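Here is the structure we will look at.
Letters go in sequence order (proteins before strands), and every chain restarts at 1. This structure is a prediction, so every number in the text was calculated from the model and none was measured.
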There are 2 protein chains.
Amino acid sequence: MHWDDVGSQVCSIARTMSVLGDRWTMLVVREAFIGTKTFDEFVAYTGAAPQVVSARLKRLVEAGVLKKEPVADGRSRSEYLLSEMGQDLYPVVCTIMVWGDRWLSDGRGRPHALRHTGCGCVTSPKLACDACGKFVSRKTLTGEPSPSMKRYRAQMFNEASQ
Amino acid sequence: MHWDDVGSQVCSIARTMSVLGDRWTMLVVREAFIGTKTFDEFVAYTGAAPQVVSARLKRLVEAGVLKKEPVADGRSRSEYLLSEMGQDLYPVVCTIMVWGDRWLSDGRGRPHALRHTGCGCVTSPKLACDACGKFVSRKTLTGEPSPSMKRYRAQMFNEASQ
DNA sequence: CGGTATCCCATTTGATACTG
DNA sequence: CAGTATCAAATGGGATACCG
């Protein structure tokens, strides 16, 4: 399967990866969450080359994750802001950060801790059921593959067996 | 900055991406969570070429995300299982799936719904504070960059300004 | 400052075949 | 089945330069 076809897999993870599954893309998204808005800041803070940043910003705008807004300062510049779709990536960015904090630490503490304004505590957010509010884990969740996903996977398996 | 140096950024997201930030890697991880264990199943279900699967499994084993266990069936085969580090990626995989469910749907429902065994409901897990248990969002969390991260970013910015 | 264009090298990867 | 080898094609991306 070519990478371009990954977005058509019957799988939300594959579809998401067809948008975000790129070396530099998540760093661009991270910057957007930190508040980076202008091209040169994206270049400076991600460490990616300008054409790479340009390509990623373009793709994220096309995908609807970022909005490109002109800035009226007479300098023909633009700002790249998170759309609602982009802001909704917060849990993804957050869980990635929490995982890195735990497993890829350099021993000098969390680079970017989070404080919950509700309770005042520093937190490493965890998943909770949106119905009952209790914490969930892999053990307390069961997957229910849809018929179309089952069909799709059976087909993948059969094709590979030939 | 070369991609190989991304893992040394003072940022847990960058470090995580240096392990997982690859087109196919997350699909391999997805399969591991679904219960895929053998090489040919990874090839069949991810849709990636065998050398690609081989390389990704190797990298994930080296990174400590997967464990390669020999199977004693006399056929010199191995199983690839999630380590504790790998299992801890569950929230990442889960939030990615939930985002894809919402924003990249094909209109035929969630490919893989989750049911919470605690309350019996189908759920799209959300983030909650690990201290107080309340749901959190970007608005109820404030970031606290560490001194070393601040220094690092200032340095990135200065280098880019030259 | 905010990007784009070009050049060229390194890496990725799809196709195919092969081996234990 | 569980991978590895090879090769060609495509893509990615760093350096540099360029333009409004």
Is there a side-chain contact between B:V29 and B:L89, using heavy atoms and a 4.5 Å cut-off?
-> yes
B:L57 atom CG is separated from C:dT13 atom P, nearest whole Å, by 14 Å
Separation of B:K58 atom NZ from D:dA5 atom C1', in whole Å?
-> 12 Å
Would you say B:R77 reaches D:dA2's phosphate, i.e. side-chain N/O to OP1/OP2 under 4.0 Å?
-> yes
Residues in side chain to side chain donor-acceptor pair (under 3.5 Å) with A:R110, at least two apart?
-> A:D101, A:S124
With the side chain defined as heavy atoms from C-beta on, A:F39 is closest, among C:dT4, C:dT12, D:dT4, to C:dT4
Could you list the protein-to-nucleotides 15-20 of chain C atom pairs, N/O on both sides, closer than 3.5 Å?
{"from": "C:dA15", "atom 1": "N6", "to": "B:Q51", "atom 2": "NE2", "distance (Å)": "2.9"}

Please report, rounded to the nearest Å, how far the P atom of C:dT11 is from the CZ atom of B:R56.
-> 14 Å
Taking the side chain from B:T46 and the backbone from B:F42, do they hold a donor-acceptor pair closer than 3.5 Å?
-> yes
May I have the distance from B:W3 (atom CH2) to C:dT11 (atom P), rounded to whole angstrom?
-> 15 Å
For B:R115 and B:G120, indicate whether the former's side chain and the latter's backbone hold a donor-acceptor pair under 3.5 Å.
-> yes
Between CG of B:D4 and P of D:dG13 the distance, given in whole Å, is 12 Å
Figure out the CZ/P separation between B:F42 and D:dT4, and round it to whole Å.
-> 14 Å
In whole Å, what is the span from the CG atom of B:D40 to the P atom of D:dG3?
-> 9 Å
Which parts of residues 18-34 of chain B get close to DNA chain C, meaning a heavy atom less than 4.0 angstrom away?
-> B:R23, B:W24
State whether the side chain of A:S105 and the backbone N or O of A:R102 hold a donor-acceptor pair below 3.5 Å, judged by distance alone.
-> no
Between the side chain of B:R77 and the main-chain N/O of B:F39, is any donor-acceptor distance below 3.5 Å?
-> no
Which part of the nucleic acid, if any, lies within contact of B:Y80, taking any heavy atom under 4.0 Å across all strands shown: a base, the sugar-phosphate backbone alone, or nothing?
-> sugar-phosphate
To the nearest Å, how far apart are A:L66 CG and C:dG3 P?
-> 12 Å
Check whether any side-chain nitrogen or oxygen of B:S54 sits under 4.0 Å from OP1 or OP2 of D:dG3, and answer yes or no.
-> no
Compare all side-chain heavy atoms of B:R15 with those of A:D106 and state whether any distance is below 4.5 angstrom.
-> yes
Begin from the C-alpha positions of A:M1 and A:E159 and carry the test side chain to side chain contact (heavy atoms under 4.5 Å, CB included) through to its verdict.
-> CA-CA 11 Å; A:M1 173 180 299; A:E159 283 174 6; over 6 Å; no
Sidechain-backbone polar pair: A:W99 side chain, A:L104 backbone, donor-acceptor under 3.5 Å | no
Name the residue closer to the 5' end of DNA chain C, choosing between A:S78 and B:G47 according to the nucleotide with the nearest heavy atom.
-> A:S78
